Undergrad: 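For reference, the structure I am asking about is given below.
Values in this document were obtained by computation on a predicted structure and should not be read as measured data.
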Amino acid sequence: MTVIDGVNSGTGGRVAARATWFARYVHLLVVLDLACAATAGIAGFALRFSGWDESGRWPDILLGIGLPVVWVPWLSFAGCYDHRFLGSGAAEYRKVLNAGITLTAAVAILSYATKAEVARGYVILALPLLVALDVAARRGARSRLHRARERGDCMRRVVAVGYRDGAADLVRELSLHPHHGMQVVAVCTPEPPGRTVEDVMVLGGFDDVPEVVERCRADAVAVLPCLELGGVELRRLAWRLEKFRTDLFVSPALLDVAGPRLTIRPVAGFSLLHIDHPELTGPARAAKAAFDRVTAALLLIAVAPLLLAVAITVRTTDPGPAFFLQTRIGRAGHRFRMVKFRTMVTDAERRRVELSARVENGSVLFKLKRDPRVTRIGRVLRRYSIDELPQLFNVLRGEMSLVGPRPPLPEEVERYGQDVYRRLAVKPGLTGLWQVSGRSDLSWDEAVRLDLQYVENWSLLLDLQILWRTVRAVVSGNGAY
């Protein structure tokens, strides 16, 4: 039974139910934020000053003591406790980062204006450490929230309003991704009540939405694209939902476009949704390329002993070369030779034809869970993605990126549909959304959707988030074969 299911019906019960779990979650974040600020203040002081000398230290001591007191209100002012940004997406982390930057600027300006002479080394150590600790702590809190939502707890009850097909898609997607914290409990369509959409009851039409909301104790209404609900009708619906304090979501009929690319602009009485083009060129892409190559070089230096040990093991445990070179398609259709550790027998390509009928996901990809061509050491390398480490050389050469869509084979590209070619607008990646969302267990359609979502919403912050999640995906080994 969820938290929401355990309260009394009515508007007061519904609001209290949502407030119960959300208030607990915000209280947890406040405690974590205070702890991170105290830790960063003490650690920064200990790292900056080796001994204790009161002379000239009081500004730094006061900053360390006041950091926890200032940090929580600063985060609140920056919108870091707003329910719209908690639980999913990168906006929460972005707001914490912005709060850290503005606080650093405020401390610098205040120190200069008051001649307090706060040690610059202390500020440079303590505040970046605070942001890093806070992001990590909030990531842990979010993981805990996601586990609760997978059990059906801490969910927002949603009424879907629209045509049957759109409502069915929404129900399926929210069921597959419970971490978003939204559960469709009723549907309002032009069809007669009593029918079901993906096992969810149709309880009324478009004019019955407020009554259905009250009946189901819903926390939100999701309006899907439909001709009957234009601007005037949506405004009237928003007025009718005010007394229930129910959130109203309106789908703009866009696929996988979100975040900073969307801006609402009022023009001549209309609210127009402005959609920026994705950053496929320009300074942001140059920064990504520089980050990729520098990080790849550092990682190659760090894992060089491991690469040598794996290469020797592959050569000595199975006849054949240590590395496997294969032609892949990169950005804009350019071909390149991708390098991996060899995980299959040397005649794997010849045996592929006879195994093609056994492809288990029925897609463009050729992937078998129990591929007889994989060697014993190859299974271990694949499970923990060690076989992909040599692709760091491709990243260093600029043929691949650390994060991006999966690098396709030429024969796969020949079978692409029109929309799938969009994957080639960016460099393929060593990891990506497909890697951290199920890897080879994903269906072809789901893998394509994730790749297109990445292309449309790319950012350096998203790359860092995916790299962080990749570590957990690799350690668990789920979906690797």
Side-chain angles (χ1 to χ4, degrees), residues 292-330 334-356 358-361 365-413 427-432 434-436 439-441 467 470-481:
D292 284 340
R293 295 195 177 191
V294 171
T295 305
L298 295 175
L299 288 176
L300 282 171
I301 295 174
V303 301
L306 175 62
L307 295 178
L308 179 60
V310 172
I312 295 173
T313 303
V314 173
R315 284 295 303 270
T316 56
T317 56
D318 188 79
F323 296 97
F324 174 69
L325 300 178
Q326 190 175 46
T327 300
R328 296 292 179 113
I329 304 298
H334 295 300
R335 297 189 175 213
F336 68 96
R337 298 284 281 176
M338 190 182 74
V339 58
K340 301 176 63 175
F341 281 120
R342 183 175 61 86
T343 59
M344 292 186 175
V345 295
T346 53
D347 63 342
E349 290 300 310
R350 181 182 60 81
R351 297 174 58 184
R352 175 175 175 170
V353 178
E354 60 188 67
L355 294 172
S356 59
R358 293 173 51 184
V359 175
E360 298 177 10
N361 56 7
L365 299 180
F366 182 89
K367 206 75 171 176
L368 296 174
K369 273 192 175 181
R370 288 168 291 277
D371 196 324
R373 303 172 299 165
V374 179
T375 63
R376 181 177 299 180
I377 185 64
R379 292 190 183 94
V380 177
L381 298 181
R382 286 188 170 206
R383 177 172 177 81
Y384 298 105
S385 297
I386 299 175
D387 62 315
E388 298 176 359
L389 286 179
Q391 293 174 34
L392 289 170
F393 287 106
N394 293 113
V395 177
L396 193 60
R397 291 200 297 259
E399 299 163 336
M400 293 180 60
S401 174
L402 290 176
V403 181
R406 175 187 168 277
L409 293 164
E411 54 266 32
E412 294 172 2
V413 174
K427 293 178 183 178
L430 193 150
T431 185
W434 50 272
Q435 173 84 336
V436 299
R439 301 163 86 175
S440 296
D441 284 338
L467 289 172
T470 297
V471 176
R472 185 176 62 179
V474 169
V475 171
S476 67
N478 294 330
Y481 51 85

Undergrad: Distance-only, no hydrogens or angles: does the Ser385 side chain make a donor-acceptor pair with backbone N or O of Glu388 under 3.5 Å?
TA: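 Not confirmed, Ser385 side chain does not pair with Glu388 backbone.
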Undergrad: Could you pull out all residues at least two apart from Thr431 that satisfy side chain to side chain donor-acceptor pair (under 3.5 Å)?
TA: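 Thr470.
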Undergrad: Is any side-chain heavy atom of Val403 closer than 4.5 Å to one of Leu430?
TA: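 In short, these two side chains do not touch, never coming nearer than 4.5 Å.
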Undergrad: So does Thr343 get a backbone contact from the side chain of Thr375, meaning a donor-acceptor N/O pair under 3.5 Å?
TA: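 Yes.
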Undergrad: Distance-only check: which donor-acceptor pairs under 3.5 Å involve side-chain atoms of residues 294-301, not counting sequence neighbours?
TA:
{"residue": "Thr295", "atom": "OG1", "partner": "Phe291", "partner atom": "O", "Å": "2.7"}

Undergrad: Is the closest side-chain heavy-atom distance between Leu409 and Thr327 below 4.5 Å?
TA: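 Not in contact.
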Undergrad: My understanding is that only residues two or more places apart in sequence, or in another chain, count here; which of them pass side chain to side chain donor-acceptor pair (under 3.5 Å) with Arg335?
TA: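 Arg335 satisfies side chain to side chain donor-acceptor pair (under 3.5 Å) with no residue once adjacent residues are dropped.
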Undergrad: Does any part of the side chain of Leu392, heavy atoms only, come nearer than 4.5 Å to the side chain of Leu402, both counted from C-beta?
TA: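 SC-SC contact between Leu402 and Leu392 confirmed.
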Undergrad: So if I apply the side chain to side chain contact (heavy atoms under 4.5 Å, CB included) rule between Arg328 and each of Arg337, Arg406, His334, which one comes out positive?
TA: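 Single pass found, and it is Arg406.
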Undergrad: Testing the basics here: between Ala311 and Ala322, what is the closest heavy-atom pair and its distance to 0.1 Å?
TA: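 Nearest pair, atom of Ala311 first, then Ala322: O-CB, 3.6 Å.
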Undergrad: Do any pairs count as a ring pair (Phe, Tyr, Trp, His ring centres under 6.0 Å) and have a residue in residues 310-330, sequence neighbours left out, and if so which ones?
TA: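 Residue pairs with at least one partner in residues 310-330: Phe323-Phe341.
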Undergrad: Apply side chain to side chain contact (heavy atoms under 4.5 Å, CB included) to Leu381 and Val314, showing your working.
TA: CA-CA 10 Å; Leu381 298 181; Val314 173; 3.9 Å; yes
Undergrad: Would you indicate whether the side-chain heavy atoms of Met344 and Arg382 approach each other to under 4.5 Å?
TA: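 When only atoms from C-beta onward are counted, Met344 and Arg382 do touch, with a gap below 4.5 Å.
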Undergrad: What side-chain hydrogen bond (donor to acceptor under 3.5 Å, both in side chains) pairs are there with at least one residue in residues 304-316, not counting sequence neighbours?
TA: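 For residues 304-316, and leaving out neighbouring residues, there are no side-chain hydrogen bond (donor to acceptor under 3.5 Å, both in side chains) pairs at all.
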Undergrad: Measuring from atom OG of Ser401 to atom CD of Gln391, what distance do you get when rounded to the nearest 0.5 angstrom?
TA: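 CD of Gln391 is found 11.5 Å from OG of Ser401.
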Undergrad: Could you pull out all residues at least two apart from Arg342 that satisfy side chain to side chain donor-acceptor pair (under 3.5 Å)?
TA: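 Applying side chain to side chain donor-acceptor pair (under 3.5 Å) to Arg342 gives Asp318.
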Undergrad: Taking the side chain from Gln435 and the backbone from Gly432, do they hold a donor-acceptor pair closer than 3.5 Å?
TA: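 Not confirmed, Gln435 side chain does not pair with Gly432 backbone.
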Undergrad: Mind checking what makes side chain to side chain contact (heavy atoms under 4.5 Å, CB included) contact with Pro428, not counting sequence neighbours?
TA: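 Side chain to side chain contact (heavy atoms under 4.5 Å, CB included) list for Pro428, sorted by chain: Phe336, Met400, Pro407.
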Undergrad: Under the side chain to side chain donor-acceptor pair (under 3.5 Å) test, which residues partner Arg379, sequence neighbours left out?
TA: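 Arg379 satisfies side chain to side chain donor-acceptor pair (under 3.5 Å) with no residue once adjacent residues are dropped.
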Undergrad: Using the salt bridge (Lys or Arg N to Asp or Glu O under 4.0 Å) criterion, which residues pair with Asp387? Sequence neighbours excluded.
TA: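 Asp387: salt bridge (Lys or Arg N to Asp or Glu O under 4.0 Å) contacts with Lys340.
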Undergrad: With sequence neighbours excluded, give me every salt bridge (charged side-chain N to carboxylate O under 4.0 Å, His left out) pair touching residues 390-400.
TA: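 Passing the test, one end in residues 390-400: Arg397-Glu399.
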